[in-house]
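To start, the structure under review is shown below, and the notes come after it.
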2 protein chains.
Amino acid sequence: MTTTGQPQVRAARTVGRALRPTTKALPEHARAHNRSMVLAHLFHEGPSSRADIARSTGLTRVTVSGLVGDLITEGLVSELGVRSEGKVGKPATLVGMRTSDFLVVAVDLTDDERILGAVMTLVGDVVERRSVPLEGRVGEAALELLEQLCRDLLALADRPVIGLGIASPGVIDTDGRVVQAPNRGWYDLPLAALLTERLEVPVHVANDANTRALGEFTYGEAAGSGSMVLTIGEGVGAGIVVDGALVLGRHNAAGEIGHVTVVDAESAAGSDEEPAVCACGRAGCLETVLSVPALRRRTSGLTPEESDAALASVGRKLGIALAPVVSALDLAEVLLAGPPDLLDGPLRETALSTVRERTMPVIGHGLALRMAAMDEDGALAGAAVLVLSGQLGVS
Amino acid sequence: MTTTGQPQVRAARTVGRALRPTTKALPEHARAHNRSMVLAHLFHEGPSSRADIARSTGLTRVTVSGLVGDLITEGLVSELGVRSEGKVGKPATLVGMRTSDFLVVAVDLTDDERILGAVMTLVGDVVERRSVPLEGRVGEAALELLEQLCRDLLALADRPVIGLGIASPGVIDTDGRVVQAPNRGWYDLPLAALLTERLEVPVHVANDANTRALGEFTYGEAAGSGSMVLTIGEGVGAGIVVDGALVLGRHNAAGEIGHVTVVDAESAAGSDEEPAVCACGRAGCLETVLSVPALRRRTSGLTPEESDAALASVGRKLGIALAPVVSALDLAEVLLAGPPDLLDGPLRETALSTVRERTMPVIGHGLALRMAAMDEDGALAGAAVLVLSGQLGVS
DNA sequence: CATGTTTGTTAGTAGACCTTCCTTACTAAA
DNA sequence: TTTAGTAAGGAAGGTCTACTAACAAACATG
C-alpha cells in the first residue's frame, strides 16, 4: 500500500462505538476456544478418534492430541479402546467425554407453587429428582428454601458435580444477578455469586425462557439461524436466538413479550371480548389471553366446537403479535412450550396462518410454528446446558 | 477433579449444534483482533500515544508498540510528533490513523430514480460526488451503469482507495451476493465478487437499511445494546443491532418490516380507511401507509390539522407494529430516517406513545424514538463503514 | 539539583500452533 | 509369505504472539 501527501488525522465525528471489539485477545484464549471445540465435538458426536476430531475442527492431529491429553489429565475425557470397524490403516483409538462420570444439578423456578430440581448426567438424563412447595414464600424465605433444595440435591450426587444451573423467572443479567423477579420477591439479588460461595460449587443463573430456549437448541432441533421459543405457563415468555446467539437486550429483558397489548379497548368494544386486567397493571396483555390459566378459564365448560373457536381466536391474537417480530428478525421457526392440549391444535394452526397472511411470502412461508421438542423438563435441561456452557464451553 | 466408576460415554440425544463454535482459533487471529482494536481506538478517539492505546485496550505498551509499528510500516498510521500539553513524565509521541490519505468509494442504490455515489475520506467527509439517472434500467443494464459509475468515481480519487462499499435494496448475503433485489431486477447476482474482479478493488455490498444502521452506529449515537434504524423512503426497511451485532436472520432478510400487515380488512371496514394494495401483492402492508409517497398522498390538500391527524393515525399503526418487536428484543431506541417534515412530528410522537402504552413500563419508558442523526447521506456513510469494517476491521 | 513520573524500547520467557518426519498397525495384492 | 499402501498417533523443531522485567530518555516539581 502506497501513500501520498502529508498525514492528516482527525477523529471520527462522534464517539459511536457500537460494534467495536472491546476486549483484547490472547493466545491462551485461542487455546480455550479450541479446547471447547474438541469437547463440543465429543459431546455432540460421541466417541471419536483424535484424527476424527482433527478433521472436524480443522486443527492438526498434533494439536488435537495435545488438547485431548490435557482433557484426559483433567479427567473429563478417557480413552475407550480401539475402533472395531475394519478399515485400512492403523485402527483408531476412540476417546470420549465421560458424560456419566460427572453430574450437573439443575433447578427450575418457573412454577409459582414449587421449586423443581434434578441431578442429571452431562447428556441430560435425570438421575434424581426432588421438589419442594413454595407455599407462598418470597424474598429471603424463598432464597433459603432454594438453597436447602440445592444442598439436598448436591448431597444426592454420587459422582463429582461440575456445577449447578438455575432457571429463574424475571430479569437476570449475564453475571447471574437477579435484577428483578417479582413472583419470588427478588430484586437486585446476586444469586449466582451468593450460591457459588455458600455451596462451594459453580452456580449459573439465567432467565427461565432463555434457559428453555438453550435446552431446545442443545437437545432439541431448533435452528440457530433464527428461532424463538415461546414458553406458555402461568406467564408468557420467550427466548430468542438469532445468528447463533441468545438475544439479551438492553436490560437483559429481551423476550418479555407477555406484556404486549393484543386486545384493544376500542376495537374490542363491539365484539364479545373486553381487555382483561393484567398482573402488570395494564389491560389486554398477551398474557391475559395466552397464559395457561387464561386459556383454561376461557375454554372451561365450552363444547369442543366453541372451545376450538376460542383457542383459534387467541391464536389469531398471537399471530398478529408475532408477525412483526418474525418479519423483523427473519425467524426460521417459533416453538411453543406448554400444554399440548391447549396449544397444539386450533391455537397453533391459527397463529401460523395468521403470521403467514400478515408477512411477506419469503418470510412467512418458510416459517415453522410447532411444539417444542422438550417436555416439561425443558427448563431443567436448559439449566444443565448453562453449566455445560459455563464450565466446559460446550453448548 | 477426581472421577469414579468406569467411563461411560454417549452422544447427546440429538445433533443440535446451534451455538457450537465451528471455526478454529489461531494465535494470528488474536493478533488480527488486537490490531483492529488499535485501529478502532485511533479511528474513534483520534490521535493518541501508544501508552494511551495500551491503557484503553488492556494490552501492554510493548505489544501496542509492535502493532503500531506494523501499522506504520503498512502506511495506515503515522507519527505526529510529541503532545504539547505539559504533564509530568516523558512527553508522549502521538500516532494517528492517516484518515485523509486514503479514500473510500461509496454507492447508494436505494433510490429508484438514480444511483448516488461519492468519494469519501475514512472519516466520512465527501470529497467528490456523482450520480447517474437509472431511467428505468434493470438487470444487466443497471449493473453496467453501476459499474461505470464506480469506474468514474475511482478515476476521481487522487489518493489510494482502500475499497468500495455498496448499499443496495433487497436481500444480500454475507458474501455480498444479491439474492434478490426486485427493484433493480437482480436475482442471485454475486455483485461483490463480480465488481471486485472487474474493478480490481475490494468491494463490499450490504442491504441499504442495514448499511444505514451501520452508518448511524459509527458516526451517529445509536446504542449497540439494542437499536433499530427504520428507513422510510419509497419503501420501508429496517436495520437492527442487538447485543452489538447486526441481525441478519435466516435468509439475510431481517429488517423487512415494510410488508407486515397493519391495516386489517375487518377492523377497517367501519372506519374511513380501506387497506391499500401493496407492491408485494398483498394489502394493508406497513409500506402502504408509511412510505414517503403514501404519506404525501395521504396529506396532500389537507389542512394542517387534518394532516396532523392523518400522520398521527399512521404513527399509531407504526407503534402497534413496533411494540412486539421492541418488547421481544428489549430495544433501547428506534431511529427514523426519512423526511423530517413528515416523520418528526405527530407521526413520531404518536408512534412513541403507542409503543409505550402497549409495552411493559420497563421496556417502553426507557425507549427512545427519535430521528436518525445522519442525513440523506446516511446510507453512503454506512457503505463507507462497510469498507472500513471489511478491510481494516474498524467499525 | 535531586526526585518522581511517564513514555517507549530492548531482552528474555512461556505458550500455542504449525510442518515434517517417524513408528505402529492394519488391509490388500502379488 | 512377502510387499506395498494407508491411516493413526507422537516427537522434534520452527514461527508467532504476548507477557514480564529492566532501562534510558525526557519532563515537572519541590
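Since the structure is predicted, the reported quantities are computational estimates derived from the model, not experimental observations. Values reported hereafter were calculated over all heavy atoms of this structure, with side chains retained and with hydrogens, waters and symmetry mates removed. Just so it is clear: chains get the letters A, B, ... in the order the sequence lines come, proteins before strands, and each one is counted from 1.
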Any heavy-atom pair between the side chains of [Y] and [X] that's under 4.5 Å?
| X | Y | result |
| --- | --- | --- |
| Leu39(A) | Val77(A) | yes |
| Val161(B) | Val387(B) | no |
| Asn210(A) | Ile172(A) | no |
| Ile72(A) | Glu79(A) | yes |

Please list, pair by pair, any protein nitrogen or oxygen found under 3.5 Å from a nitrogen or oxygen in nucleotides 14-17 of chain C.
residue : atom : partner  : partner atom : Å
dC17(C) : OP1  : Asn34(A) : ND2          : 2.8
dC17(C) : OP2  : Arg31(A) : NH1          : 2.3

Task: Donor + acceptor pair across side chains of Thr57(B), His41(B) (<3.5 Å) - done: no
Task: Side chains of Ser49(B) and Asp52(B), donor plus acceptor under 3.5 Å - done: yes
- [ ] Could you run through nucleotides 5-13 of chain D and give me one letter per nucleotide, 5' to 3': B if any protein heavy atom sits under 4.0 Å from the base, S if only the sugar-phosphate is that close, - if neither?
- [x] -BBBBSB--
Open item on the list: Could you walk me through whether Gln391(B) and His204(B) satisfy the side-chain contact (heavy atoms from CB on, under 4.5 Å) test, starting with their C-alpha distance in whole Å, then the side-chain angles of each, then the deciding distance to 0.1 Å, before giving a yes or no?
Closed with: CA-CA 9 Å; Gln391(B) 297 302 119; His204(B) 300 267; 2.7 Å; yes
